[in-house]
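What follows is one structure encoded as structure tokens, with my remarks underneath.
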Amino acid sequence: MDKDINILAIETSCDETSAAVVKNGREVLSNIIYTQIETHKLFGGVVPEIAGRQHIMKIDGVVSRAMEESGLSFDDIDAVAVTYGPGLVGALLVGLSHAKALAYALNKPLVPVHHIEGHIAANYIEHKDLKPPFVCMVVSGGHTHLVNIESYSSFKILGRTRDDAAGEAYDKVARVIGLTYPGGPQIDKLSEEGDPFAIKFPRVTLEDGSYDFSFSGLKSAVLNYVNKAKMKNEPINEADIAASFQQAVIEVLTEKSIKACKEYDSKVFALAGGVSANKHLRAAMQAACDENGIRFCVPRPVLCTDNAAMIGCAGYYEFMGGNTADMSLNAYPGLKLGERI
Ligand code: KG4
Ligand code: ZN
């Protein structure tokens, strides 16, 4: 039997400090996630400077715990994988510097990983038989991408958001109706008590045939709705607003995803990124896939939001493909999916 390949992975692109050990790409031996949400909640969103400082305080302990829980020693590690973009530059640099120091001290290869590639790879951990090609929708706090996954390391971007990411829209709408950061999980919960068809918010599909997205108009529509009600001293039903906003997002995401599967003749569709933890989105995508004879894949919620296990999985495929970096590797806040630096 071939020797096992163990990847130690580090993720610090936003407000989660995470380290994991992943065996042969898909077996998670440990996945430690320290979330800074409670701190950023006080400010209504992620404060980059604070995120960087918190990563510095936590990274060493998080990596130690990941190693401990994995039951392996540093000798058993074959490579150190790290998110080098996209994300907050000060946050990325903490994980990157730590990974470089480890790789240098242990004399192991350093593997650069794209954060979105990590989100996509979370599906490989969850669905052990999943292989490219397939169509994937990545919906996170910073990105909304519809992608044709051609191979483990080649991606054709079919569409992306032209303004706000889906998660960003969730977080902004949440703030308008008085929910705290991050708003996505709270809208998810509150919308259960609301009527998704109570208020008709716009479904922005853009030009015919476009796979791009736009959520800023929807966000403004919610804002206008709330402001108008306030000006007239009318009560608002937050649960109805949450459910109706969410319905508008889900309809657009679902429609474009199925259309892409049909055009690219994909019998498999995967959902990825923080927003894919959303119960209603998962259910709607499952139903739409079932209706169209498409296999639906989505990771369990803890693998949807930021974590290092997904970076370890993507890092494994990058490593096996020969993608390693030297000590000059930098952080790239605006790194594009599929771009190699
Ligand atoms: O992928 P992620 O953890 O970080 C980025 O790479 O951006 O995504 C975070 C985003 C936030 O906007 C958060 O509100 C959203 O994912 N999110 C959700 C849910 N859980 C997290 N949105 C809707 N429903 C959820 N259950
Ligand atoms: Zn993410």
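We count ligands from 1, going down the list as the structure has it; atoms in each ligand are counted the same way.
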Does some side-chain heavy atom of Val22 sit less than 4.5 Å from a side-chain heavy atom of Leu29?
no

Please report the C-alpha distance between Tyr317 and Tyr124 in whole Å, then the side-chain angles of each, then the deciding distance to 0.1 Å, and finally whether the ring-ring contact (aromatic ring centres under 6.0 Å, His included) criterion is met.
CA-CA 11 Å; Tyr317 289 105; Tyr124 301 135; 5.7 Å; yes

Check for me whether Lys41 meets the cation-pi criterion with Tyr181, that is, NZ or CZ under 6.0 Å from the six-membered ring centre and within 45 degrees of the ring axis.
no

From His115, does some N, O or S atom reach closer than 2.8 Å to the Zn ion (ligand 2)?
yes

For the Zn ion (ligand 2), what is the closest N, O or S atom on Asp306?
OD1

Can you tell me the protein heavy atom closest to atom 21 (C) of ligand 1 and the distance?
Gly274 O, 3.4 Å

the protein heavy atom lying closest to atom 15 (C) of ligand 1 turns out to be Val275 CG2, 3.9 Å

Check the orientation of Phe296 and Phe269. Use parallel for under 30°, tilted for 30 to 60°, and perpendicular for over 60°.
parallel

Got a sec: does the CZ of Arg65 have more than 12 other heavy atoms crowding it under 6.0 Å?
no

Which of the ligand 1 atoms, numbered from 1, are nearer than 4.0 Å to a heavy atom of Asp171:
11 (C), 12 (O), 13 (C), 14 (O)

Asp265 atom CG, neighbour heavy-atom count above 12 within 6.0 Å
no

Using the six-membered ring wherever Trp is involved, compare the ring planes of Tyr211 and Tyr264 and label them parallel, tilted or perpendicular (cut-offs 30° and 60°).
tilted

Atom indices of ligand 1, in the order listed, that fall short of 4.0 Å to a heavy atom of His119
1 (O), 6 (O)

Write out the residue and atom name of the closest protein heavy atom to atom 26 (N) of ligand 1, then the distance separating them to 0.1 Å.
Asp188 OD2, 2.9 Å

Is the Zn ion (ligand 2) less than 2.8 Å from at least one N/O/S atom of His119?
yes

Atoms of ligand 1, numbered as shown, that sit under 4.0 Å from any heavy atom of Gly167:
12 (O)

Nearest protein heavy-atom contact for atom 22 (N) of ligand 1: which residue, which atom, what distance?
Gly184 CA, 3.3 Å

Above 12 or not: heavy atoms from other molecules or residues under 6.0 Å from CZ of Arg53?
no

Which of the numbered atoms in ligand 1 are below 4.0 angstrom from a heavy atom of Gly142?
7 (O)

Quick one: which of Gly141, Gly183, Ala169 has a heavy atom closest to atom 10 (C) of ligand 1?
Gly141

In ligand 1, the atoms that come under 4.0 Å of a heavy atom of Pro182 are 14 (O)

Residue among Phe201, Phe197, Tyr170 satisfying ring-ring contact (aromatic ring centres under 6.0 Å, His included) with Phe245:
Tyr170

With heavy-atom distances below 4.0 Å as the criterion, list the atoms of ligand 1 near His115.
6 (O)

Return the residue, atom name and 0.1 Å-rounded distance of the protein heavy atom closest to atom 3 (O) of ligand 1.
Asp306 N, 3.1 Å

Any idea which protein heavy atom is nearest atom 24 (N) of ligand 1, and the distance to it?
Asn278 ND2, 2.9 Å

Relative to each other, are the rings of His143 and His145 parallel, tilted or perpendicular (30° and 60° limits)?
perpendicular

